[in-house]
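The shown structure was predicted, so the numbers you read here are calculated from the model rather than taken from an experiment. Naming: A, B, ... by sequence-line order, numbering from 1 per chain.
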Amino acid sequence: MATLAGRLEALTLRALEQIVGDSEGLSAQIAPTRDEKHGDYQCNAALGLARRLGRNPRELSGELAQAMLALDETGLLRTAEVAGPGFLNLRVREEALKAALKGIGDPVRSAGRRVVVDYSSPNIAKQMHVGHLRSSIIGDAICRILEHLGHEVKRQNHVGDWGTQFGLLCAWLLDRGVEDSRVDLGDLEALYREAQALAERDEAFRERSRERVVALHQGDQPTRETWRRIVGTSLEHIGEVYERLGLSLTLADTRGESFYNPMLAGVVEELQVRFPAGSRPMEVVEDQGAVCVFLYDEEGQPRFKNAQGEPQPLLVRKSDGAFLYPTTDLAALRYRVRDLEADWLIYVTDSRQALHFQMFFQTAREAGWVGESLLEHVTFGTVLGPDGKPLKTRSGENVKLAELLGEAVERADRLVEDNESDPARKRGFSADEKRDIAEAVGIGAVKYADLSQNRSSDYVFSFDRMLAMEGNTAPYLMYAYARIRSIQRRAGELPHEPALTLEEAHERRLAMHLARLDETLDQVVSGWRLNLLCEYLYGLAGLFMKFYENCPVLGAPTPEQRASRLDLCEKAARVLKVGLELLGIRVVERM
RNA sequence: GCGCCCAUAGCUCAGCGGAUAGAGCAACUGCCUUCUAAGCAGUGGGUCGGAGGUUCGAGUCCUCCUGGGCGCGCCA
């Protein structure tokens, strides 16, 4: 079932075609009205087209209205009225609105693509910190939305398990012969700091670390064994954080950098053979011992320049022979297109990596490794502290994700306790319920605060704001849901196939908003503007609250209205639940 | 130097070229003997950083400027 906006657009285009006699360059310009006085949707097509045709906009708009009403066999429109300079205000028929609400919130059936979403990507041997928060939350929401829209999603957690830091760690552990003892993550971090400090003052240790990297990459048994243990310990910790965050990402989705190690030499070699020095628009040359990819535009000018104004290369092999991040990315891309047969690749990383992705994408395209796949780099800004600088602890360290989530839940728990100690608000929750609510509210608040921001800007992290029960926050939305569920519990049996009666303005507004879920999702996907879904849900919760205040459900004037309102409640609950779940946020039945 | 991002109410932020620029917080005023007051209703608060331009129409697009963040050869 197409969305109301989609159907209106199709109808408008048919009408325009009839008027103009040509479909070239026509645009329906359908948008929801900002003010309901203007109807449900507006069509702004006549305004622009009038000039092109040398006609009066209001007159053209009137003709468009007539044509649309005449062509409207499905009974979509109640009215189409010209307003202002030539706007066309459209009002949807009651029956069409009710039909649009059928199955609202159900997964969309579409010819899906196979999408690889690369997100989260923490480093092994370090605790997850606030720097991993946005990629994890945003990437997970993207996966859920894609699946809801009928796409097949392959999650890929490209963890850093292969870099130089493992040389340090392995060298340190093997030097001290601690390979048999169990090392937990807290130890690992301390060890890493010690190893780093040692490397700075001890040339011999530095050398041993470098040798360990080589040994690791060459498959040396004891080194591999130590490495595996480090990785295992870290993944355990990462899995715990994911579980608490409620991510749909699992250990099975982990394909660390090490996975691509056997492919790296081949990637570089192929590039070198196929794009020797002098090739355009891409050449691969050795410079100061490093293998560099240089990219050029159609005019043969360098696409990228460095700070000195010289051509900026993508480095795929260091002068010491080791491979780099771009090399792994290229290998991973090839694997995802060839082996995972993905035709859409999405990378979720902070915006600082934008240049890297431009170069890496361009290299992959020039090499012909992308095929027909879409490449998308979804970026986001930095999480800031109250001082407007990247969020750190007082001692200047990265804020641990586990601690941040713990504090969010703790604060939510205090809120629940406060309410329970107030006789007017007490609900009589059991200890288990309280814990569950605190967990859902605390974690949900953190995720929602992130997703409701415009992705590209930095944002200031604040427990107080995200846990506020009013405003555009997760608790507010969850509360709206809990209120509906409370009504439903009191209602007893819910009506089967009730007929909606949308006589009250509050009822109709709520219904119209509910019907706009799918078109909102369409907008969300174009540009991954996840905050639009948040805004939609906030609007929905607000409309429900107003409906709640003005339209008694259980005490409705007639049995028909009671049934209708119960059905509206059910649909609102469903959309709130589905919408929040698409964002990776869990609802609770009571709060 | 080049490139990317940002600048909107006192604060935190929305705003796909369309009608009077919106929320929340903070301030003030009402509403719990009626389905969860973690709520609702209302009041005040704006040279959309500046200057040009494109357009029937610009917070939104283009150019320049100012101020801030980030990135730019062997980290990832």
Which heavy atom in [X] sits nearest to a heavy atom in [Y], and how many Å separate them?
X      : Y      : result
A/L576 : A/A480 : CD1-CB, 4.0 Å
A/E519 : A/L4   : OE1-N, 3.8 Å
A/G86  : A/S61  : O-OG, 2.9 Å

Next on the checklist: Between the base of B/rG18 and the ring of A/F87 - centre-to-centre under 5.5 Å, planes within under 30° - is that a stack?
Outcome noted: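 A stacking contact does not exist, since A/F87 is not both close and nearly parallel to the base ring of B/rG18.
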What's the gap between [N] and [M] when it is taken at their [atom1] atoms, as a whole Å value?
N      : M      : atom1 : result
B/rG68 : B/rC25 : C1'   : 24 Å
B/rA21 : B/rU60 : C1'   : 11 Å
B/rA9  : B/rG49 : P     : 8 Å
B/rC4  : B/rU47 : C1'   : 29 Å
B/rU55 : B/rG17 : C1'   : 9 Å
B/rC16 : B/rU8  : P     : 16 Å
B/rU34 : B/rG24 : P     : 26 Å
B/rC40 : B/rA23 : C1'   : 16 Å

Next on the checklist: Taking salt bridge (charged side-chain N to carboxylate O under 4.0 Å, His left out) as the definition, give me every residue that meets it alongside A/R55, ordered by chain and number, with sequence neighbours left out.
Outcome noted: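 Listed in chain order: A/E59, A/E63.
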When you compare the protein's N or O atoms with those of nucleotides 20-28 of chain B, which come within less than 3.5 Å of each other, and at what distance?
unit_1: B/rU20; atom_1: O4; unit_2: A/K37; atom_2: NZ; d: 3.4
unit_1: B/rA23; atom_1: O2'; unit_2: A/Y538; atom_2: OH; d: 3.2

Item to check | Verdict with reasoning, A/D297 to A/Q301, per side chain to side chain donor-acceptor pair (under 3.5 Å) | outcome: CA-CA 5 Å; A/D297 62 18; A/Q301 297 301 309; 5.9 Å; no
With heavy atoms under 4.0 Å as the rule, sort [X] into base, sugar-phosphate or nothing.
X      : value
A/C43  : nothing
A/R425 : sugar-phosphate
A/N56  : nothing
A/V553 : base
A/A482 : base
A/A31  : base
A/P85  : nothing
A/A50  : nothing

Next on the checklist: Given B/rA19, B/rG39, B/rG69, identify the nucleotide with an atom nearest to the side chain of A/Q42.
Outcome noted: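 For the A/Q42 side chain, the nearest candidate turns out to be B/rA19.
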Next on the checklist: Please determine whether any donor N or O and acceptor N or O are separated by less than 3.5 Å between the side chain of A/N44 and the base of B/rA19.
Outcome noted: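 Looking at the base of B/rA19, it does not pair with any donor or acceptor on the side chain of A/N44 (distance under 3.5 Å).
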Checklist entry - If you pin A/I30 and A/Q358 to their nearest nucleotides in RNA chain B, which one's is more 5'? => result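 Nearest-nucleotide comparison on RNA chain B picks A/Q358.
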Item to check | Along RNA chain B (nearest heavy atom to each residue), the more 5'-positioned of A/G48 and A/Q523 | outcome: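 Looking at the nearest nucleotide for each, A/Q523 comes out on the 5' side.
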Below 30° counts as parallel, above 60° as perpendicular, anything between as tilted: where do the rings of [X] and [Y] land?
X      : Y      : answer
A/F544 : A/Y548 : tilted
A/H356 : A/Y325 : parallel
A/W227 : A/F166 : perpendicular
A/F361 : A/H377 : perpendicular

Next on the checklist: Between A/S258 and A/D161, is there a side-chain donor-acceptor contact under 3.5 Å, judged purely by atom types and distance?
Outcome noted: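 The answer is yes; a qualifying pair exists.
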Next on the checklist: Looking only at the side chains, is there a donor atom on one of A/K426 and A/N419 sitting less than 3.5 Å from an acceptor on the other?
Outcome noted: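 No, no side-chain donor-acceptor pair sits under 3.5 Å.
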Item to check | Range-with-range stems of RNA chain B (Watson-Crick or G-U pairs under 3.5 Å, three or more in a row) | outcome: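 Stems for RNA chain B, defined as runs of 3 or more consecutive pairs: B:1-7 with B:66-72, B:10-13 with B:22-25, B:27-31 with B:39-43, B:49-53 with B:61-65.
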Checklist entry - Aromatic ring centroids of A/F323 and A/H217 under 6.0 Å? => result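 Aromatic pair excluded; centres sit 6.0 Å or further apart.
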Checklist entry - Less than 4.5 Å apart, any side-chain heavy atom of A/Y448 and any of A/Y538? => result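 With C-beta onward as the side chain, the pair touches.
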Checklist entry - Rounded to the nearest Å, what distance is computed from the OH atom of residue A/Y459 to the C1' atom of nucleotide B/rC6? => result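 So the OH-C1' distance, A/Y459 to B/rC6, works out to 17 Å.
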Next on the checklist: Other residues, nucleotides and ligands only: do more than 12 of their heavy atoms fall within 6.0 Å of NZ on A/K571?
Outcome noted: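 More than 12 within 6.0 Å, yes.
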Checklist outcome for this item: Under a 4.0 Å heavy-atom criterion, the protein footprint on nucleotides 70-76 of chain B, written with B, S and -, is SSBBBSB
Checklist entry - A/D436: what forms a side-chain hydrogen bond (donor to acceptor under 3.5 Å, both in side chains) with it, not counting sequence neighbours? => result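 Per chain and number, A/D436 pairs via side-chain hydrogen bond (donor to acceptor under 3.5 Å, both in side chains) with A/R586.
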Item to check | Residues touching RNA chain B, which here means a heavy atom under 4.0 Å, drawn from residues 445-456 of chain A | outcome: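 By residue number: A/Q453, A/N454, A/S456.
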